[in-house]
Amino acid sequence: MNEWGQWTLFFPYAVAFWLFVIGCFGITQSRNLIHTVLCLTVVQASTYMLLLSIDFHAQAGAPIFGSTNPPGSPSVDPILHALTLTDIVVGATVTALMLALTIQIHRRRGTIDPQRLRPMSE
Amino acid sequence: MNASVANAITPLCAVVPLLAAALIAPFTKHMPRWLSSCIAAGTSLAVCAMSVALVFYTSANGPVVHWMGGWLPRHTLALGISFTVDPIGAGLSAFIALLVFAATVYTWTKFDLVGTLFHSLLMAFLGSMCGYALTGDVFNMFVWFELMSAAAIALTAHKIEEAQAISGAINLAITNTIAGFIVLLGIGMIYARTDALNLAQIGEVLAQRPADALVLGGFALIVAGYFVKGAVMPFHFWLDDAHAVAPTPICILFSGIMVQVALYGVARVYWTMFSAVLSPQAHEIKALFLGLGIATALVGAIMAFAQRHLKRLLAFSTVSHSGMFVAAIGLFDASAAAAAALFVIAHGLIKSALFVCAGNYLNRFRSLDEQVLGGKGRQAPLNSALFIIGGVALAGMPPFAISAAKVLYDAAMKDHALFSIAGFMAFASAIDAGAVLRAGLHVTFGIGKGQITGFSPREEEPECDGPRLEATPWTMLAVPLALLAIAIWVGMSGTFWHGIERAAHAFVDRQYYFSAVLGNVHRALPPAPWEPRTAQDIAINLGVTAAAVIAAFAGLFRDHIPQMIAPIFGPPLKFLRGLHSGIFTDYVAYMVFGVAAYSTYLVIAAR
């Protein structure tokens, strides 16, 4: 692999880091709870990115063996895919809960701007 | 009990509550209240009994390892997911089930349950915490952690018609979800190095090479994620917002055990995965944990003293105790681990009793505000007496359990010649128990001046349905009474302490854990040294209690204290209160800062 090819292997990790940071930044700047929930999914995307890029090889196929790729031929690690799928399920639960809470707080307070929902205003 | 029975009941500790949750949920419209209460109480008692049986079995016969679906390891390579149970894990599971049982008894009558969904969520919460305590797989730990968060979010927002409750739940949801992702990033980094998810296997693979930035970064991220739920500075901000609005039985579980379960995760992960590979960096990690512990303990104690809302006050006292637990975990030896374990049980019992008493005030007098309640406590004499006794017990008055925990704690600090840290912790403990006592005395007798700072609504919706309560139902008084009685028993029982000391010696032994999981060698608990407490220990306990009483009276009669003190405490307090803004946008900013600071410290300073 040439030098440029070496660098492209680091690229997914840089993207994962960027997604985490920009997602958190989005939450700190959020003025709308729906926007917050979406930022949360951006943060979560960084975990998908990291998990999937850990065992990525250009030559390796999916870990499903058949006539073209017999058992023992190069394949990526299926455990990481299982982890990512579990992570997606977990994320869907939290997103659903958060959206339900957002609807409910809009009913009660008429706003979904976190800055106007201060619970500790004295 | 033989080996196959022990192996069979291991997964049931997590599975039975989840089945109960699934059984209750679909029939929420049709199931009578008594039936769902009986299912919840029966399930938690069954889990408690199974866990206690596992404590005895694993003490005598070594850890129980259950491989899910029969995926046994091959040539010391873990293929499946294991539940690895040692006496500390099983004991934690038993204690979780005990507190859930207390919560179901508390909600037996009068409490507004909103159908039976409350019990369903409670069972999911129980199952996830027990699963977290018993699992031997780091990714499985993450999944239980997230399930715990999901149940916690829904339970915090139980009073869904109150905007306050939803705000608290949103703060909890966002901070704890990001925490879960931080943990997962750390797990991904460790997996990249080891190709393993089993705790024992990871520890063995990591030990083969010296630690580099990848391992240190993974450690920093996993620990930082667990610290969010463990309410350690600067991640503790969600805790008081959630406690202030959550229903009382949920406060019991949050303060009594959920926060401590997350810190147990830190200890478990350290001892099984990282203790060998990070031993050259042990000094720096110890410094980090001790520093965080002191900062958290002091901030929590000072903030507790500055609250007028009883639940918020108790919540900050929990933050303060989190700091003490982190410092004990951070000493990284067996005696300190034993001190932390006993302290968690002692604190859980007493703090739960205090929360129940606060909830009883709310139901009787429609307020949790120290000013509004001032003097009304006389109308509920038993409840007020229990609240004040709880405050004294929290300070470490013998014979309550915290006194015993503090004896072990101070002994562990003495072994490391860290007298100054023991002193800081005693100070923090006196201040936060002083805050509880001050509130108790003001509410009961109306003496002095209650705290006037801190956010608190004047009037709150009680948690009971139906007309206003004229008297507290006996179930709601029996719970704190029983919890304090158990706390006395724990504080008196030398056998109990010694058992914890032995279990902790096995807990910190990585080889012991590894050989049980992958070497199939099961050894009984090794013997451990143990010293009974001396008159000097009791004198120290009494001294801290006296300091707490002095702090309480200083708070009540602060007008008579010379005014020169105010400028010393005023500005820092104002700064701290400003940080606790109640908006998650700020909290996420502190979290990102905290994670960046931890990771940078560990990766650079500890190399």
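Naming convention: chains lettered A, B, ... in sequence-line order (proteins, then strands); numbering from 1 in each chain. Heavy atoms only: backbone and side chains are in, while hydrogens, waters and symmetry mates are out.
- Only the side chain of A:L51 has a heavy atom closer than 4.5 Å to any heavy atom of chain B.
- If you tally non-hydrogen atom pairs under 4.5 Å between each of B:V588, B:V245, B:T177, B:L185 and chain A, the highest count goes to B:L185.
- Rounded to the nearest 0.5 angstrom, B:D586 CG and A:Q115 CD are separated by 7.0 Å.
- Within the 4.5 Å cutoff, side-chain heavy atoms of A:I27 are placed close to those of B:I178.
- Each of B:G188, B:A165, B:A169 has some count of heavy-atom pairs under 4.5 Å with chain A, and the biggest count is that of B:G188.
- Minimum interatomic distance between A:R108 and B:E161 (heavy atoms only, all atoms of both residues): CD-O, 2.9 Å.
- Side-chain contact between A:T28 and B:V592 is absent, with no heavy atoms from C-beta onward closer than 4.5 Å.
- Between B:A157 and A:L101, the closest heavy-atom pair is CB-CD2, 3.6 Å.
- With respect to chain A, the highest number of heavy-atom pairs below 4.5 Å among B:L197, B:T585, B:I187 belongs to B:T585.
- Of all residues in residues 142-150 of chain B, those placing a non-hydrogen atom less than 4.5 angstrom from a non-hydrogen atom of chain A are B:F142, B:V143, B:E146, B:A150.
- For B:I160, the parts lying near chain A are the backbone and the side chain together; criterion is any non-hydrogen pair under 4.5 Å.
- For chain B, no part of A:Y13 is nearby; none of its heavy atoms comes within less than 4.5 Å.
- Only the side chain of B:D195 comes within contact range of chain A, with heavy atoms under 4.5 Å apart.
- With a 4.5 angstrom heavy-atom cutoff, A:S46 touches chain B via backbone and side-chain atoms both.
- For A:T93, the part lying under 4.5 angstrom from a heavy atom of chain B is the side chain only.
- With a 4.5 Å cut-off on non-hydrogen atoms, A:L83 touches chain B through its backbone and its side chain both.
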Just do the side-chain contact (heavy atoms from CB on, under 4.5 Å) check on B:L184 and A:V90 with the steps written out, would you? CA-CA 11 Å; B:L184 186 57; A:V90 164; over 6 Å; no
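- Taken to the nearest 0.5 Å, the CD1 atom of B:I170 stands 4.5 Å off from the CG atom of A:L33.
- In this structure, A:F65 places its CZ atom where more than 12 heavy-atom neighbours from other residues, nucleotides or ligands lie under 6.0 Å away.
- Listed by chain and number, the residues in a side chain to side chain contact (heavy atoms under 4.5 Å, CB included) with B:A78 are B:W67, B:N198, B:Q201, B:L518 (sequence neighbours excluded).
- To the nearest 0.5 angstrom, B:E162 atom CD is 11.5 Å from A:I105 atom CD1.
- For B:F181, the parts sitting under 4.5 Å from any heavy atom of chain A are the backbone and the side chain alike.
- Contact annotation: the side chain of A:I79 approaches that of B:Y191 to within less than 4.5 Å [non-hydrogen atoms, C-beta and beyond].
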